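Everything on this sheet refers to the single structure shown next.
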Amino acid sequence: MKEQKNTGKKIAAAFRSRRSRQGSFSAVLCVAALVVVVAVNLVVGMLPASLTQYDLSASGLYTLSDQTETTVENLEEDVTLYLLSETGYEDETLLQLLERYASLSSHISVETVDPVLHPGFAAGYTDTELSSNSVIVAGETRSRAIDYYDIYVYDYMAYYYYGTTDVEFDGEGQITSAIDYVANGGETILYSLTGHGEAGLPEALASEVEKRNMELHSLNLLTEEAVPEDADCLLLLSPASDISPGELEKVTDYLDGGGRLLLLTNYTETELPELAAFMEGYGLQAAEGIVIEGDSSRCVQGYQHYLLPLLESHSITSAHEENNYNVVMPLSQGLTELESYRSTLTIEPLLSTSEQAYSKPSGFGMTVFEKEEGDTDGPFLLGALVREDYQGTECEIVWYSSGYLLDAAANQLASGGNFSLFLNTLSYLCDEESSISIAAKSITDGSLVLSSAQSTLWSLVLTVCIPLLILAAGLVIWLRRRRK
């Protein structure tokens, strides 16, 4: 019994010792620090992603544009972003992007839905079978499904030409467009004329048109009484054969009622007299043959028929001018204004050649690029806007003289500038000043397009000037050391 009392006293004394007090104090500090860390993590976890996550990616994958911020801030209804992914297999890049949307507005929420646990969830919003990590944007009355392979875009054309596959992340463009659609509705309606061997839009460009909430339909005027009343714009893309007078009469009636027409034509050895006469009625005509650029700074190196046109000042081309975008126009015809046309017409240039350009009437039969006798002197227009204001009704026509403007390879050379010009033109003609125009962000390395003059200059700099400077510096150093 006595021994137990002595043991108790020893234990009590141990707790009263200086070492024990220091240990207890340290333990309390550790617990307090742990509580502070947990509390800080809980508070930080409640903060929006825009304050806690920083975009360190080279292409700004997680940085939202001003257009997205404006669209989200103007929301007046709740929108839910559903990520369809099995638990543990979420695309972290996409999930972080969705969280940044949620951080911008209390009207946006993000939910992850496991399609294995909820196999019928997507069917409530779309008839299309969606890939893993697809996104559904759902508003109060509308919804839109975005497939994973519309978010990550693989350009296999780049592999064909350059041996590498270009991958672009189009998450922001697709999601912002979908939010705008479900919240505001009202798609723009486009009709594309058919029946004359017209070219279709490349798949990538058609996707961009859809992303801007523009709905594209085919139209055969041989089977229709008139251009539909809901048409915001009429497209005529590279017809291979002529348009009949009856069809052109219906187009004229549409324009007289305030319509809009976007026309792209190619040089063809088959004459199109009806279409030519139709455009002459609006003050423009195409020169015979294919345009060759005599100024090496206005064409792609080694290809004088691949033009880099001058961008005239206009709202259609303003984005290209501000951001120094290229436009590549292969195998173009030269457009010229008629000496006289009716006073109700106004013609505004959009794209043009240099003073050194000329047109070869032999077209595809040309044997040399050099200027020859019989060639037509420039400069020429390569794109123009015709506006007619008659009795308070205004119609507009935009004419580009190369349908190869929409060729995927030409657009690749222009680093996307060709498609961008086409989309900007549609937005202008359809009065879509606030249409969604967020470009996809490349995950792979980009390409640099140089004109012939630029290529020659940099070749001289890299192969002559820099080596000579290095040799000169080495010679100077050697002479100084020798004198010492």
Side-chain angles (χ1 to χ4, degrees), residues 58-61 149-174 199-212 235 237-238 262 264-267 290-291 293 296-311 316-317 319-332 350-351 353 382-383 400-426 437-455 458-459:
S59 57
L61 293 181
Y149 291 103
D150 290 328
I151 296 173
Y152 287 91
V153 182
Y154 292 81
D155 184 4
Y156 295 102
M157 182 66 70
Y159 182 83
Y160 177 79
Y161 283 98
Y162 307 109
T164 59
T165 301
D166 188 21
V167 183
E168 293 184 328
F169 181 73
D170 196 21
E172 184 188 1
Q174 294 286 351
L201 293 181
E203 184 177 348
L205 182 55
S207 177
E208 287 293 322
V209 169
E210 181 182 357
K211 190 172 76 174
R212 293 198 177 199
L235 309 181
L237 307 176
S238 307
L262 176 53
L264 277 76
T265 57
N266 283 332
Y267 169 78
I290 295 174
V291 175
E293 183 56 76
S296 61
S297 67
R298 305 312 316 169
C299 63
V300 176
Q301 182 192 16
Y303 299 90
Q304 288 179 263
H305 55 304
Y306 274 57
L307 313 181
L308 299 175
L310 298 167
L311 302 175
I316 292 177
T317 60
H320 283 65
E321 290 182 290
E322 293 170 4
N323 298 287
N324 293 319
Y325 290 156
N326 282 315
V327 173
V328 176
M329 295 189 69
L331 303 171
S332 302
L350 299 176
L351 308 174
T353 68
L382 300 174
Y400 293 119
S401 61
S402 174
Y404 297 105
L405 178 75
L406 305 185
D407 182 72
N411 182 64
Q412 182 80 22
L413 280 174
S415 299
N418 287 12
F419 285 3
S420 178
L421 178 68
F422 179 80
L423 294 167
N424 290 346
T425 305
L426 282 183
S437 56
I438 301 170
K441 298 171 182 178
S442 179
I443 300 177
T444 54
D445 295 332
S447 59
L448 179 64
V449 178
L450 299 178
S451 68
S452 180
Q454 291 171 328
S455 178
W458 283 108
S459 295

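Any value given below was found using the heavy atoms of this structure, including those in side chains, with hydrogens, waters and symmetry copies removed. The shown structure was predicted, so the numbers you read here are calculated from the model rather than taken from an experiment.
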Answer whether the closest heavy-atom distance between the side chains of [X] and [Y] falls below 4.5 Å.
| X | Y | result |
| --- | --- | --- |
| His305 | Val291 | no |
| Arg298 | Leu307 | no |
| Leu264 | Tyr404 | no |
| Val328 | Asn418 | yes |
| Val327 | Leu405 | yes |

Please report the shortest heavy-atom distance between [X] and [Y], naming the atom on each side.
| X | Y | value |
| --- | --- | --- |
| Pro309 | Leu382 | CB-CD1, 3.6 Å |
| Thr353 | Glu293 | CB-OE1, 3.6 Å |
| Glu321 | Leu311 | OE2-O, 3.4 Å |

Ignoring hydrogens and geometry, is there a side-chain-to-backbone donor-acceptor pair from [X] to [Y] under 3.5 Å?
| X | Y | answer |
| --- | --- | --- |
| Asn411 | Phe419 | yes |
| Asp170 | Ile151 | no |
| Asn326 | Ser415 | no |
| Asn266 | Ser402 | no |

Which value, rounded to the nearest 0.5 Å, describes the distance between [X] atom [atom1] and [Y] atom [atom2]?
| X | Y | atom1 | atom2 | answer |
| --- | --- | --- | --- | --- |
| Ile316 | Asn424 | CD1 | CG | 8.0 Å |
| Arg212 | Leu423 | CZ | CG | 4.5 Å |
| Asp150 | Lys211 | CG | NZ | 10.5 Å |
| Leu413 | Tyr303 | CG | OH | 9.0 Å |
| Leu426 | Leu235 | CG | CG | 6.0 Å |
| Gln174 | Glu210 | CD | CD | 7.5 Å |

**side chain to side chain donor-acceptor pair (under 3.5 Å) involving Thr425 - partner list, sequence neighbours excluded** =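 With neighbours one apart ignored, the set is Tyr400.
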**Fill in**
Gln304 meets the side-chain contact (heavy atoms from CB on, under 4.5 Å) criterion, sequence neighbours left out, with Ile292, Cys299, Tyr358, Phe369
**Prompt:** Does a sphere of radius 6.0 Å around OH in Tyr306 hold more than 12 heavy atoms from other residues, nucleotides or ligands, not counting ones at 6.0 Å or beyond?
**Reply:**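 For Tyr306, atom OH is not crowded (no more than 12 foreign heavy atoms under 6.0 Å).
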**Prompt:** Passes side chain to side chain contact (heavy atoms under 4.5 Å, CB included), Leu237 versus Leu201? Steps please.
**Reply:** CA-CA 8 Å; Leu237 307 176; Leu201 293 181; 3.6 Å; yes
